[in-house]
K.L.:
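The structure that follows is given in the form of C-alpha cells.
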There are 2 protein chains.
Amino acid sequence: MPAVINKSFFLHAFGYGVAMALLVLLLRWLEIRFFIFDHTTEIYVGGIALIFTGLGMWLAHQLTRPKEIVVEKITYVEKQEINPLAIETTGLSKRELEILDMMARGMSNQEIGDALFISLSTVKTHVASIFSKLQAVRRTQAVEIAKSLKIIA
Amino acid sequence: MPAVINKSFFLHAFGYGVAMALLVLLLRWLEIRFFIFDHTTEIYVGGIALIFTGLGMWLAHQLTRPKEIVVEKITYVEKQEINPLAIETTGLSKRELEILDMMARGMSNQEIGDALFISLSTVKTHVASIFSKLQAVRRTQAVEIAKSLKIIA
DNA sequence: TAAAAAATCATACTTTGGTATGACTCCCAT
DNA sequence: ATGGGAGTCATACCAAAGTATGATTTTTTA
C-alpha cells in the first residue's frame with residue numbers, strides 16, 4: 001500500500017495541475033467570448049506554461065534525485081549452528097552426543113575410548129545406540145545425518 | 001507514514017488552492033502590464049515560463065518530499081563452496097574425488113562399487129589412494145579433512 | 001609414440017567397525 | 001523403594017574397512 005501512495009499522490013497533484021490549467025483556459029475562454037482577444041496568444045501561452053511546468057518538474061527531479069537514495073546494507077551470514085530441538089527429537093544423551101561429535105572428527109572408537117577414559121566396549125555400545133537413534137548403519141552415515149539435522153556442527 | 005498521508009494531502013490541496021489563486025492574480029497582473037503598459041510579448045511569455053518552471057519544481061518537490069527511501073538489501077550467504085585449488089594441491093583424481101564424495105554421504109565401499117559399476121577391490125584401491133593423498137587413516141577422518149579443505153561440500 | 005598417470009581388478013591379510021546379548025552401577029523420579 | 005534411563009563393561013561373532021602387493025588396461029601427456 002505505501003508503495004502506491006506516492007503514485008496516487010502524483011496523480012492527484014497532476015490532476016490539480018490539469019484542473020488549474022483548465023480553469024485558466026476556461027477563464028480565458030470566457031474572457032475571449034466577451035472581449036474577443038487573440039486566440040493564438042492564449043494557446044501559445046498555455047503551451048509555454050505546460051512545457052515549463054514539465055521542465056521545472058524535470059529540473060527539480062534532476063536536482064533532488066541523488067539525495068533521495070538511502071542505501072541500507074543488511075548482511076546475513078548463515079551460521080552452521082546446532083539445533084537443540086533436533087537433539088531432543090533424536091533422544092541422544094549427553095554422552096552419545098559427545099561421542100558422535102568425536103566420530104565426526106574422524107576419531108576411531110579406540111581413540112574416543114582413550115580420550116574419554118572408557119573402554120572400547122563402552123564406546124561401541126554408545127555408537128550402536130547412536131546409530132539406532134539416528135537410523136544409521138555406518139558412522140559416516142551417522143555423521144552425515146547428524147550434520148544435516150544440525151545436531152553437530 | 002501511511003496514516004498521515006490523507007491529512008498532508010488535504011494540506012497540499014489547500015496549498016494548491018492558494019497557489020492557484022495567487023497564480024491567477026499574477027497572470028492577471030502580467031496581463032494588465034502587457035495590455036495597459038504595452039510591454040513586449042517576450043516579457044509576458046518569459047514571466048509565464050518562469051512561473052510555470054517554478055510551479056513545476058514546486059510540484060516535483062511536493063511529490064518527492066516524502067523522501068522515498070530506497071532500501072538496498074545485500075544478503076551475504078556463506079556458501080559451502082568447493083575450492084578447486086585445494087583439489088589440485090591434494091592431487092586427487094576425478095574418480096577419487098567422486099568416491100570421496102560418496103564416502104562423505106555415508107556410503108559403504110560396496111555401495112560405492114555397485115553405484116559406479118566397479119568392484120569392491122577397485123573402490124578399496126581408490127579409497128587407499130585418497131587416504132594417502134589426504135593423509136588420513138580412516139574414512140571419517142578423510143571426510144573431515146576434505147571438508148575442512150573445501151574439497152567437498 | 002613412449003612414458004606417465006589413471007583406472008581397473010585380484011588375493012591375502014590385519015584391523016576396525018558394528019551387532020547381539022547380558023550384566024553391573026548410579027541417579028532421579030514416580 | 002523401586003523401576004527406568006544413563007553410563008559402564010565384557011564376550012563373541014560377523015561384516016566392513018583398511019593395508020600391501022602385484023597386475024592389466026586405458027587414457028593422458030610430454
Side-chain angles (χ1 to χ4, degrees), chain A residues 82-149 151-152, chain B residues 82-149 151-152:
Chain A
I82 59 159
N83 183 6
L85 209 77
I87 298 170
E88 289 282 329
T89 309
T90 56
L92 286 165
S93 73
K94 203 176 294 182
R95 199 58 153 174
E96 286 161 356
L97 210 64
E98 198 177 0
I99 289 170
L100 176 59
D101 202 75
M102 296 171 94
M103 276 203 308
R105 285 179 170 72
M107 293 174 75
S108 69
N109 288 338
Q110 188 62 63
E111 285 173 346
I112 293 169
D114 292 345
L116 298 178
F117 302 107
I118 57 178
S119 75
L120 175 61
S121 295
T122 307
V123 178
K124 283 189 174 185
T125 307
H126 283 308
V127 168
S129 179
I130 291 166
F131 291 171
S132 170
K133 288 176 180 177
L134 291 182
Q135 297 180 319
V137 291
R138 269 178 298 281
R139 54 176 48 219
T140 45
Q141 202 179 12
V143 169
E144 178 63 13
I145 291 168
K147 289 200 176 187
S148 70
L149 292 174
I151 287 172
I152 56 172
Chain B
I82 59 159
N83 182 7
L85 209 78
I87 298 170
E88 290 282 329
T89 309
T90 56
L92 285 165
S93 72
K94 202 176 293 183
R95 199 56 153 175
E96 286 162 355
L97 210 64
E98 197 177 0
I99 289 170
L100 176 59
D101 201 74
M102 296 171 94
M103 277 202 307
R105 284 180 171 70
M107 292 175 75
S108 69
N109 288 338
Q110 188 60 62
E111 285 173 348
I112 293 169
D114 291 344
L116 298 179
F117 302 106
I118 57 179
S119 74
L120 175 62
S121 295
T122 307
V123 177
K124 283 187 175 186
T125 307
H126 283 307
V127 169
S129 178
I130 291 167
F131 290 172
S132 170
K133 289 176 180 177
L134 292 182
Q135 297 180 319
V137 291
R138 270 177 299 281
R139 53 175 48 216
T140 44
Q141 202 180 10
V143 169
E144 181 62 14
I145 291 167
K147 288 200 175 188
S148 70
L149 292 175
I151 287 172
I152 55 173

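All values reported here derive from a predicted model rather than from experimental measurement. Chain naming here is simple, since letters A, B, ... match the order of the sequence lines and numbering starts at 1 in each.
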K.L.:
Does anything in residues 115-124 of chain B pair up under side chain to side chain donor-acceptor pair (under 3.5 Å), and if so which pairs, sequence neighbours excluded?
P.N.:
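Found B/S119-B/T122.
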
K.L.:
Please list, chain by chain and in numerical order, all residues satisfying side-chain contact (heavy atoms from CB on, under 4.5 Å) with A/A86, sequence neighbours excluded.
P.N.:
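Testing A/A86 for side-chain contact (heavy atoms from CB on, under 4.5 Å), a comparison that skips the adjacent residues, returns A/N83, A/I151.
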
K.L.:
Walk me through it: do A/L97 and A/I87 pass the test side chain to side chain contact (heavy atoms under 4.5 Å, CB included)?
P.N.:
CA-CA 9 Å; A/L97 210 64; A/I87 298 170; 4.0 Å; yes

K.L.:
Across nucleotides 21-30 of chain C, 5' to 3', mark each nucleotide with B, S or - according to how protein heavy atoms within less than 4.0 Å reach it.
P.N.:
----------

K.L.:
I need the residues from residues 85-94 of chain A with at least one non-hydrogen atom less than 4.0 Å from DNA chain D; give them sorted by number, or say none.
P.N.:
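Within residues 85-94 of chain A, the residues near DNA chain D are A/S93, A/K94.
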
K.L.:
Taking the side chain as C-beta and beyond, is there a heavy-atom pair between B/I112 and B/V127 under 4.5 Å?
P.N.:
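No; the side chains remain at least 4.5 Å from each other.
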
K.L.:
Can you pull the salt bridge (charged side-chain N to carboxylate O under 4.0 Å, His left out) pairs that have at least one residue in residues 108-121 of chain A, sequence neighbours excluded?
P.N.:
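Non-adjacent pairs meeting salt bridge (charged side-chain N to carboxylate O under 4.0 Å, His left out): A/E111-B/R138.
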
K.L.:
Which pairs count as salt bridge (charged side-chain N to carboxylate O under 4.0 Å, His left out) when at least one residue sits in residues 97-108 of chain A, sequence neighbours excluded?
P.N.:
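Salt bridge (charged side-chain N to carboxylate O under 4.0 Å, His left out) check on residues 97-108 of chain A returns A/R95-A/E98, A/D101-A/R105.
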
K.L.:
Measure from CG on A/L120 to P on D/dA10 and round the result to the nearest Å.
P.N.:
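Spelled out: CG on A/L120 to P on D/dA10 is 10 Å.
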
K.L.:
Can you give me the bend angle of the helix from C/dT1-D/dA30 to C/dT30-D/dA1? Use the axis through the first five pairs and the one through the last five, nearest 10 degrees.
P.N.:
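One end axis against the other gives 50°.
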
K.L.:
Rounded to the nearest 0.5 Å, how far apart are NE2 of B/H126 and CE of B/M102?
P.N.:
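The CE atom of B/M102 is 11.5 Å from NE2 of B/H126, to the nearest 0.5 Å.
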
K.L.:
How far does CD1 of B/I152 sit from NZ of B/K147, to the nearest 0.5 angstrom?
P.N.:
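These two atoms lie 5.5 Å from each other.
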
K.L.:
Are B/T122 and C/dC9 close enough that a side-chain N or O sits under 4.0 Å from OP1 or OP2?
P.N.:
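Yes, because at least one side-chain N or O of B/T122 sits under 4.0 Å from OP1 or OP2 of C/dC9.
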
K.L.:
Taking only residues two or more places apart in sequence, or in another chain, which ones meet A/A128 in a side-chain contact (heavy atoms from CB on, under 4.5 Å)?
P.N.:
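A/A128 satisfies side-chain contact (heavy atoms from CB on, under 4.5 Å) with no other residue.
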
K.L.:
With 3.5 Å as the limit, what N/O pairs link the protein to nucleotides 12-15 of chain C?
P.N.:
none

K.L.:
Roughly how many Å is it from CZ in A/R95 to C1' in D/dT8, rounded to a whole number?
P.N.:
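In whole Å, D/dT8 C1' lies 9 Å from A/R95 CZ.
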
K.L.:
At their closest point, which heavy atom of B/A146 faces which heavy atom of B/L100, and how far apart are they?
P.N.:
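For B/A146 and B/L100, the tightest heavy-atom pair comes out as CB-CD2, 3.7 Å.
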
K.L.:
Please report the interatomic distance CE(A/M103) to OG(A/S108), rounded to the nearest 0.5 Å.
P.N.:
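It comes to 12.0 Å.
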
K.L.:
Rounded to the nearest 0.5 Å, what separation is found between the OG1 atom of A/T125 and the CG atom of A/L120?
P.N.:
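So the OG1 of A/T125 and the CG of A/L120 are separated by 9.0 Å.
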
K.L.:
Going by number, which of residues 130-146 of chain B have a non-hydrogen atom under 4.0 Å from DNA chain D?
P.N.:
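When residues 130-146 of chain B is checked for heavy atoms under 4.0 Å from DNA chain D, the hits, listed by number, are B/F131, B/V137, B/R138, B/R139.
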
K.L.:
List the atom pairs, donor and acceptor, that lie under 3.5 Å between side-chain atoms in residues 130-137 of chain A and the rest of the protein, sequence neighbours left out.
P.N.:
unit_1 : atom_1 : unit_2 : atom_2 : d
A/K133 : NZ     : A/G91  : O      : 2.8
A/K133 : NZ     : A/E96  : OE1    : 2.8
A/K133 : NZ     : A/E96  : OE2    : 3.3

K.L.:
Measuring to OP1 and OP2 of C/dT8, would you say a side-chain N or O of B/S119 lies under 4.0 angstrom away?
P.N.:
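False: B/S119 side-chain N/O out of range (4.0 Å or more) of C/dT8 OP1/OP2.
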
K.L.:
Tell me whether the side-chain N/O atoms of A/H126 come closer than 4.0 Å to OP1 or OP2 in D/dG7.
P.N.:
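A/H126 to D/dG7 OP1/OP2: no side-chain N or O under 4.0 Å.
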
K.L.:
Let me know the distance between CD of B/E96 and P of C/dT8, rounded to the nearest Å.
P.N.:
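Spelled out: CD on B/E96 to P on C/dT8 is 10 Å.
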
K.L.:
Taking all atoms of both residues into account, what is the closest heavy-atom pair of B/A104 and A/E144, and its distance?
P.N.:
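Reported closest heavy-atom pair: O-OE1, 3.2 Å.
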
K.L.:
Considering only heavy atoms, which members of residues 98-115 of chain A lie under 4.0 Å from some atom of DNA chain D?
P.N.:
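The answer is none.
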
